[in-house]
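Naming convention: chains lettered A, B, ... in sequence-line order (proteins, then strands); numbering from 1 in each chain. What you are looking at is a predicted structure, and each value in this text was computed from that prediction instead of being measured.
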Amino acid sequence: MSENNHHLHHPQQNHFCPAETMSEDEEPSRPSPPPPEPGSKKTRNCAAVHPSPHSDRVLEIVLEHVLQFLTASRDRNAASLVSKSWYRTEALTRSDVFIGNCYSVSPARVTTRFPRVRSVVIKGRPRFADFNLMPQNWGGHFGPWVATMGKAYPLLERVYLKRMSLTDRDLCLLADSFTKFKELVLVCCEGFGTSGLTAVVSKCRQLRVLDLSDTEVSYDGVDWISYFPEGETCLESLIFDCVECPINFEALESLVARSPALKKLRLNREVSIGQLYRLMVSAPNLTHLGTGAFGHPEPQDPNNQEMDYAAAFSACKSLVCLSGFREVMPDYLPAIYSVCANLTSLNLSYANIDVEQFKSVICQCFKLQILWVLDSVYDEGLQAVAATCRDLRELRVFPLNAQEDVEGPVSEVGLQAISEGCPKLESILYFCQRMTNAAVIAMSNNCPDLVVFRLCIMGRHQPDHITGAPMDEGFGAIVMNCKKLTRLAISGLLTDRAFAYIGMYGKLVRTLSVAFAGDSDTGLKYVLEGCPKLQKLEIRDSPFGDAALVSGLHHYYNMRFLWMSTCQLSRQGCQEVAHALPRLSVELLSYEENEKMDDDTVDVLYMYRSLHGPRDDAPQFVTIL
Amino acid sequence: MAFHGDLNLEATELRLGLPGTGDHERRTPPVGVGVTKNNKRGLPELEDGHREESTRTTKTQVVGWPPVRSYRKNCLQPKKTESESGGGVYVKVSMDGVPYLRKIDLKLYKEYPQLLKDLEEMFKLKGGEYSEREGYSRSEFMPAYEDKDGDWMLVGDVPWNMFVTSCKRLRIMKGSEL
């Protein structure tokens, strides 16, 4: 199920938009404590007292070879703690570095410890920033990283950034510094324009992967597609489906034609269905296709009247992942029928099609494992999914109309149907206006493999719409019955009882998202005291205050971050935490820009462990305690 | 205190204040939750103090809720009508007893009589009369259309513009079914 040839990507990662699932099931990045002192009692080996250089060196060589097989950061972190020798050898052999929070450690420290890195993953802003809960220009700049790595890692091949800010200059520096650069993946990033892209595509001659999922690129007049070098390229993956820039189609067509290794192509909505046709004809080996607009055919013209879209799709025998349909004209949907039976992933979440149109497609997708749709398919559409897609692992149902207080087309009926038809379900994100505990409980029983359960009842504080009860029992059943659950997002009317359940049963939960929930401090206490694996906790608009905050002191060093916005924290409470935990960076953000916190209430608390100390690029509205 | 009938501009204003800021006469907090109340973070009032009516039925837009990324929201709303993209509003027209369908572009018409006249010509119908007051008068055939909710409606009841946006397909029914 991994997105592409990145062996680093955790298998759970989704196909279309790493943005929205990246957080589950990843290794935490723990800053490792320093290695034990050489003369300490921990070294029992008497050879350490009278070291024989030869045997030490042999040991290290053996260790190097063995450590090659350790790829997971978590395992490597553990190995590095064994002894000073292991620490050193592990550091020399680590080629992939994962930085879960760009402010947890300085670039210099990373490059000093790990001198031979080929691939970096760096993440910046917390997820709630996606929903305008974080003021602009908070940080997460790639600049310092590329400046340091440019000198330290001339052989760097891969950069993966999520929620970071980059400038054109950063991209130019990247292109200039890394002659063997192969893969650039930017998820939910922003700050640069087509000029920056141009530098990368023109200078990085070995570029295999350029993935701009959900990244904002400003159009500064340069057509970056035209700047790929002449001749055959190494391109395997070109993803720009959310880039809102016009492109030169002839340049794109030429690029695709001279990229024989291209397997993944996701087009933006500037590409019409007629243009798609031409591209497909020259790239029948695609495995992943984002169709662009899937509409706006050229006006009838004798030459292209006979575009046999169905044939173009039939010719793509390897197609397993289909997305796009950004401005779909439903009359053209039948063209994809011939590939439906092979699809393992289908993303229709930008396609406003009706129930019948959806059913005509989904009833043929019996191998489907990943499905993203809009709620415009109605409960009826979800019932069709349940009837056909027995192998479904991941489902996301997005709202066409993302508001409260509107009639919702999907409800507990759809959820129940899915739970009954798709017992292998591992991950679900479900937006709805109405829900019942019964349906959620049913899912907890029918889908024991659930790892990710995210239910968003869009009306705030909405109870079970049949019984009027809070949604405590439903979410309680999920944590109780889904023994593999690591990620949970809760919504609806929820009392402290729901949190008691989570604290009691959510022993593997690593990511928890809370909004408009709970009664008192007790709720948050349950979670902080009961969930030992908790890494990422994001809370908004809930009645948790200082007493709850300090109840987590024992745990904050083990977490990647805690976010609390519009809760009942006071500056004093946050100060207490900052004093107790010196290696924690406690940031207070103020919603009114250019005005530091001058009174006691806290708009946003964002805190994270850091070896670095307070960052020096914090804007005006951030106070670091 | 609510001002009925005001523009309620604040409800659609996207801003980073706490929910309920700018509204000094605090509404009842939602049931079961003590939401932080902070009058200091208020945003400037609109000139004559527009207030939001706040009952259970009308909730204000809260920043970042529901948690859907702006890019996605912007892509899906408003849905571009086909006329904006340069095309017409094409709907299929079927007639009982006729094996083939036709397609017409509703955008080419400005009113019902034009449409009905074209339909008569297209299918060689003996037409009825359309009058604004009484709608389409009975003849051997009656035009009906399927609306967005999937219901079959008689052509002519609703204002023209509403018809164009809600019509999904047309069907000319034989008199015997009426």
Side-chain angles (χ1 to χ4, degrees), chain A residues 19-20 128 130-135 188 214 216 242 244 269 295-296 326-327 329 331 349-350 352 354-355 374 398-405 431 456 458-461 463 470 489 491 493-495 513 515-520 540-543 566-569 590-593 599 601 603, chain B residues 11-12 14-21 28-44 55-82 84-88 90-92 103 146 148-150 168-169:
Chain A
E20 279 146 7
F128 271 9
D130 289 356
F131 313 124
N132 298 329
L133 291 180
M134 180 171 250
C188 292
D214 277 321
E216 220 179 284
C242 296
E244 302 282 285
R269 55 180 173 171
H296 310 304
R326 304 302 299 277
E327 279 161 29
M329 289 180 177
D331 284 349
S349 68
Y350 288 99
N352 188 359
D354 68 28
V355 190
L374 283 177
F398 292 96
L400 176 60
N401 204 353
Q403 290 173 37
E404 308 181 69
D405 296 327
F431 283 85
C456 182
M458 288 188 269
R460 288 166 286 153
H461 315 291
S491 61
L493 180 64
L494 293 164
T495 71
S513 305
F516 306 100
D519 301 320
S520 71
R540 65 167 293 183
D541 295 274
S542 299
T566 320
C567 296
Q568 288 173 0
L569 298 170
S590 167
Y591 278 139
E592 275 186 326
E593 302 206 12
D599 65 311
T601 49
D603 286 338
Chain B
T12 52
L14 196 66
R15 56 189 197 213
L16 284 172
L18 297 172
T21 54
T28 323
V31 169
V33 176
V35 175
T36 306
K37 177 178 156 166
N38 189 340
N39 288 332
K40 285 193 185 173
R41 294 275 174 260
L43 286 147
T55 61
R56 297 278 171 79
T57 53
T58 54
K59 289 185 179 167
T60 53
Q61 283 278 83
V62 171
V63 171
W65 188 262
V68 176
R69 300 181 67 240
S70 336
Y71 177 77
R72 182 176 282 282
K73 278 197 225 195
N74 294 339
C75 282
L76 294 169
Q77 282 174 358
K79 180 171 187 247
K80 268 204 229 166
T81 62
E82 299 211 5
E84 276 176 39
S85 1
Y90 284 91
V91 297
K92 289 185 186 171
K103 236 182 187 169
E146 186 183 19
K148 277 189 176 144
D149 299 321
K168 278 177 31 180
R169 55 188 300 167

Heavy-atom distance under 4.5 Å to chain B: side chain of [X], backbone, both or neither?
{"X": "A:P463", "value": "neither"}
{"X": "A:E216", "value": "neither"}
{"X": "A:F128", "value": "neither"}

> Around atom NZ of B:K92, are there more than 12 heavy atoms of other residues, nucleotides or ligands at under 6.0 Å?
Replying inline: no
> What pairs with A:S349 under side-chain hydrogen bond (donor to acceptor under 3.5 Å, both in side chains), at least two apart in sequence or on another chain?
Replying inline: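 side-chain hydrogen bond (donor to acceptor under 3.5 Å, both in side chains) list for A:S349, sorted by chain: A:N347, B:R72.
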Looking at every non-hydrogen atom in both residues, tell me the closest pair between [X] and [Y] and how far apart they are.
{"X": "B:P66", "Y": "A:C456", "result": "CB-SG, 4.4 Å"}
{"X": "A:P399", "Y": "B:V68", "result": "CG-CG2, 3.7 Å"}
{"X": "A:L133", "Y": "B:V63", "result": "CD2-O, 3.9 Å"}
{"X": "A:R540", "Y": "B:G64", "result": "NH1-O, 3.1 Å"}

>> Checking A:F516 against B:V62 for the side-chain contact (heavy atoms from CB on, under 4.5 Å) test, could you report, in this order, the C-alpha distance in whole Å, the side-chain angles of both residues, the deciding distance, and whether it holds?
In response: CA-CA 11 Å; A:F516 306 100; B:V62 171; 3.9 Å; yes
> Partners of B:K168 by salt bridge (charged side-chain N to carboxylate O under 4.0 Å, His left out), sequence neighbours excluded?
Replying inline: A:D354
>> Donor-acceptor pair, distance only, cut-off 3.5 Å: does the side chain of A:R460 make one with the backbone of B:W65?
In response: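 No, because the side chain of A:R460 does not come within donor-acceptor range (under 3.5 Å) of the backbone of B:W65.
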> Roughly how far, to the nearest 0.5 Å, is the NZ atom of B:K73 from the CZ atom of A:F131?
Replying inline: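 A:F131 CZ to B:K73 NZ: 9.0 Å, rounded to 0.5 Å.
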